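To start, the structure under review is shown below, and the notes come after it.
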Amino acid sequence: MVIDTGSELSWLHCNRTPDFPLSFDPTRSASYAPIPCSSPTCTARTRDFPIPASCDAGNLCHATLSYADASSSEGNLAADTFYVGSGRIPGMVFGCMGSASSSNPEEDARNTGLMGMNLGSLSFVSQMGFPKFSYCISGSDFSGILLLGDGGGDANLSSWLAPLNYTPMVRLSTRLPYFDRAAYTVHLEGIRVSDVMLPLPASAFLPDHTGAGQTMVDSGTQFTFLLGPVYDALRSEFLKQTGGVLQQLDDPNFVFQGAMDLCYRVPLSRRDLPPLPSVSLVFRGAEMTIPGDRALYRVPGQVRGSDAVHCLTFGNADLLGVEAFVIGHHHQQNVWMEFDLQKSRIGLAHVRCDLVGQRLGLGLQGKLRRG
């Protein structure tokens, strides 16, 4: 399943097709129960869905979900018994999806569905009642480790894991039009390129009176997106520090994924990128440092003469119509991410995720994508 801290409802494909060969057959489950649209679950607990739940022709609760990567799914809400580890959880609410569209069919054909992990009442972690969860995303592919609970079974975890630096979550009880209350929101206080702190006022990183401008940690979004003024400052400083090191792509019509317009030409014959400036996201109480090689991303299929195209992995949120800062999973690679729900904080530590897997005696598995 795709693990997504940026969405609420977990769901499974319930209609096997050539595009989605892995599916759940509800007719084979004696404990499967579709949820009627008159149910309080449908009328009250779906209020944080981006698209309100509706009533289908059979009077069942119908959900339509869409994601930042342009994929979508729709189907009915249902409840069934889930087994996780040695635990048995009856009445777990999830989506039994009859149709889906994908922006990456080859990848999605290997997935059975999505695990919604945000703070909404119907998310997987909320229904399970976990006090915390952690994950670590490999730096080489989409694989990684997901640890549910406090890791009590791994008593030596803290003995070899680097000390976590914690940043508090921002929680609002008041509804604001552009503030996602179910998201994992943190205080972003500044951005540093190598040793240069961007000359921006603190107000540039604060939500306004409508809630626009929150900073969300989202394992389901690939890259990181910054509001326009902050993006412009980062772009300018990164370009300044890479002058004479890399050749900028001179093509004003090329904007990667509609939001990343600082790109470079790198000879195909070059095996490694030259030393590049790191980018540090400075949170209240913690920092996330993106090494120079991860600050750029080679764009698949883009070649200019004998050069590949590499783009800055920070995008302009204004170009996507996104009213928030979004920290994507590309910049969370090789970072132990702990979501402490009891103490309302997120802990960070830079680690090698493949080594974490070996220490825990686990094979690397799981996927993180979408938004």
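Just so it is clear, the structure is predicted and the values come from calculations on it, not from any experiment.
- Side chains of Pro274 and Leu246 form a contact here, defined as non-hydrogen atoms less than 4.5 Å apart.
- Tyr297 places none of its side-chain heavy atoms less than 4.5 Å from the side chain of Met260.
- Between the side chain of Asp340 and the backbone N or O of Ile346, no donor-acceptor pair lies under 3.5 Å.
- Using a 4.5 Å heavy-atom threshold, the side chains of Asp80 and Val93 count as separate.
- One hydrophobic cluster, built from ILVMFWY side chains closer than 4.5 Å, holds both Phe256 and Leu320.
- Annotation: Phe225 is not in aromatic contact with Tyr231 [ring centroid separation under 6.0 Å not met].
- Judged by a 6.0 Å distance limit and a 45° cone about the ring axis, Arg284 is not positioned over the six-membered ring of Tyr166.
- A disulfide is not assigned to Cys55 and Cys42, since their SG atoms are no nearer than 2.5 Å.
- Across all non-hydrogen atoms, the minimal contact from Val245 to Gln241 is CG2-O, 4.4 Å.
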* Asked: Which is it for Leu262 and Gln248 under the side-chain contact (heavy atoms from CB on, under 4.5 Å) test, yes or no, and what are the steps along the way?
  -> CA-CA 8 Å; Leu262 177 55; Gln248 186 181 0; 3.8 Å; yes
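- Between the side chain of Ser10 and the main chain of Gly116, a donor-acceptor pair closer than 3.5 Å is present.
- Taking CE from Met117 and CE from Met115, the interatomic distance works out to 6.0 Å, rounded to the nearest 0.5 Å.
- Within a 6.0 Å radius of CZ in Phe130, more than 12 heavy atoms belonging to other residues, nucleotides or ligands are found.
- The nearest pair of heavy atoms linking Ala204 to Phe325 is O-CZ, 3.5 Å.
- Using bins of under 30°, 30° to 60° and over 60° for the plane-to-plane angle, the ring pair Phe82/Phe94 lands in the perpendicular bin.
- Among all heavy-atom pairs drawn from Ser126 and Asn118, the shortest one is OG-O, 4.0 Å.
- In this structure, a donor-acceptor pair under 3.5 Å is absent between the side chains of Ser138 and Gln333.
- A distance below 6.0 Å separates the ring centres of Phe223 and His330.
- In this structure, Asn111 contributes its side chain and Gly113 its backbone to no donor-acceptor pair below 3.5 Å.
- Counting all heavy atoms, side chain and backbone alike, Asp307 lies closest to Pro267 at OD1-CA, 3.3 Å.
- Distance alone, capped at 3.5 Å, is enough to place a donor-acceptor pair between the Thr313 side chain and the Arg294 backbone.
- Across all non-hydrogen atoms, the minimal contact from Leu119 to Ala183 is CD1-O, 3.6 Å.
- Under the 4.5 Å side-chain contact rule for hydrophobic residues, Tyr32 and Val84 share a cluster.
- Between the side chains of Thr289 and Ser280, at least one donor-acceptor pair of N or O atoms lies under 3.5 Å.
- No side-chain N or O of Glu8 forms a donor-acceptor pair with one of Ser123 less than 3.5 Å apart.
- Taking the six-membered ring for Trp, His331 and Phe314 have ring centres closer than 6.0 Å.
- In summary, the side chains of Tyr135 and Glu338 do not present any donor paired with an acceptor at a separation below 3.5 Å, with no hydrogens or angles considered.
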* **Criterion side-chain contact (heavy atoms from CB on, under 4.5 Å) on Arg171 and Ser344, from CA distance to verdict** => CA-CA 8 Å; Arg171 307 291 288 269; Ser344 196; 3.6 Å; yes
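- A chain of hydrophobic side-chain contacts below 4.5 Å, direct or via other Ile, Leu, Val, Met, Phe, Trp or Tyr residues, connects Ile89 to Leu12.
- Aromatic ring orientation, Tyr184 versus Phe133: perpendicular (interplanar angle above 60°, classes split at 30° and 60°).
- Side chain of Gln127 to backbone of Leu122: a donor-acceptor contact under 3.5 angstrom is found.
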* Might you work through the side-chain contact (heavy atoms from CB on, under 4.5 Å) test for Val282 and Ile191, ending with a clear yes or no? => CA-CA 6 Å; Val282 182; Ile191 298 178; over 6 Å; no
* To do: Please report the C-alpha distance between Ser54 and His62 in whole Å, then the side-chain angles of each, then the deciding distance to 0.1 Å, and finally whether the side chain to side chain donor-acceptor pair (under 3.5 Å) criterion is met.
  => CA-CA 5 Å; Ser54 61; His62 189 81; 5.2 Å; no
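- Here the straight-line distance linking atom CG of Leu312 with atom CG of Asp261 works out to 9.0 Å at 0.5 Å rounding.
- When atom types are taken as modelled, the side chain of Thr43 and the backbone of Ser39 share a donor-acceptor pair closer than 3.5 angstrom.
- Using a 4.5 Å heavy-atom threshold, the side chains of Leu348 and Phe283 count as touching.
- Side-chain atoms of Arg352 do not come within 3.5 Å of backbone N or O of Asp354 as any donor-acceptor pair.
- Distance check, rounded to the nearest 0.5 Å: CG of Asp218 to OG1 of Thr5 gives 5.0 Å.
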* To do: In sequence, state the C-alpha distance, the side-chain angles, and the governing distance for Val217 and Met337, and then conclude on side-chain contact (heavy atoms from CB on, under 4.5 Å).
  => CA-CA 10 Å; Val217 179; Met337 302 287 299; 3.8 Å; yes
* Passes salt bridge (charged side-chain N to carboxylate O under 4.0 Å, His left out), Asp48 versus Arg175? Steps please. -> CA-CA 10 Å; Asp48 287 329; Arg175 286 184 181 271; 3.6 Å; yes
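- Considering only heavy atoms from C-beta on, Gln257 comes within 4.5 Å of Gln222 through its side chain.
- Taking each heavy atom of Ile327 and Gln332 in turn, the nearest pair found is O-NE2, 3.2 Å.
- The CG atom of Leu226 sits 8.0 Å away from the CG atom of Asn316 when rounded to the nearest 0.5 Å.
- With contacts defined as side-chain heavy-atom distances shorter than 4.5 Å, the pair Leu281/Ile290 qualifies.
- Looking only at side-chain heavy atoms (C-beta outward), Met97 and Asn76 stay at 4.5 Å or farther from each other.
- By the SG-distance test at 2.5 Å, no disulfide connects Cys37 to Cys61.
- Formation of a donor-acceptor pair under 3.5 Å by the Arg298 side chain with backbone atoms of Val309 is not found in this model.
- Both Val193 and Leu273 sit in one connected hydrophobic cluster of ILVMFWY residues. Membership requires side-chain heavy atoms under 4.5 Å apart, directly or through other members.
- One finds the OG1 atom of Thr215 at 10.0 Å from the CD atom of Glu189 (value rounded to the nearest 0.5 Å).
- Taking the side chain as every heavy atom from C-beta outward, Thr46 and Leu9 never approach each other to under 4.5 Å.
- Taking the charged nitrogens against the carboxylate oxygens, Asp250 and Arg265 have no contact shorter than 4.0 Å, which rules out a salt bridge.
- Judged by distance alone, with hydrogens and angles left aside, the side-chain atoms of Ser219 form a donor-acceptor pair with the main-chain N or O of Ile3 at under 3.5 Å.
- Formation of a donor-acceptor pair under 3.5 Å by the Gln247 side chain with backbone atoms of Val266 is not found in this model.
- Of the inter-residue distances, the one linking Ser72 atom OG with Glu74 atom CD reads 7.0 Å to the nearest 0.5 angstrom.
- Val186 and Met216 fall into different hydrophobic clusters, defined by Ile, Leu, Val, Met, Phe, Trp and Tyr side-chain heavy atoms under 4.5 Å apart, directly or through other members.
- Between His13 and Trp11, the ring planes are perpendicular. Angles over 60° get that label, and only those under 30° would be called parallel.
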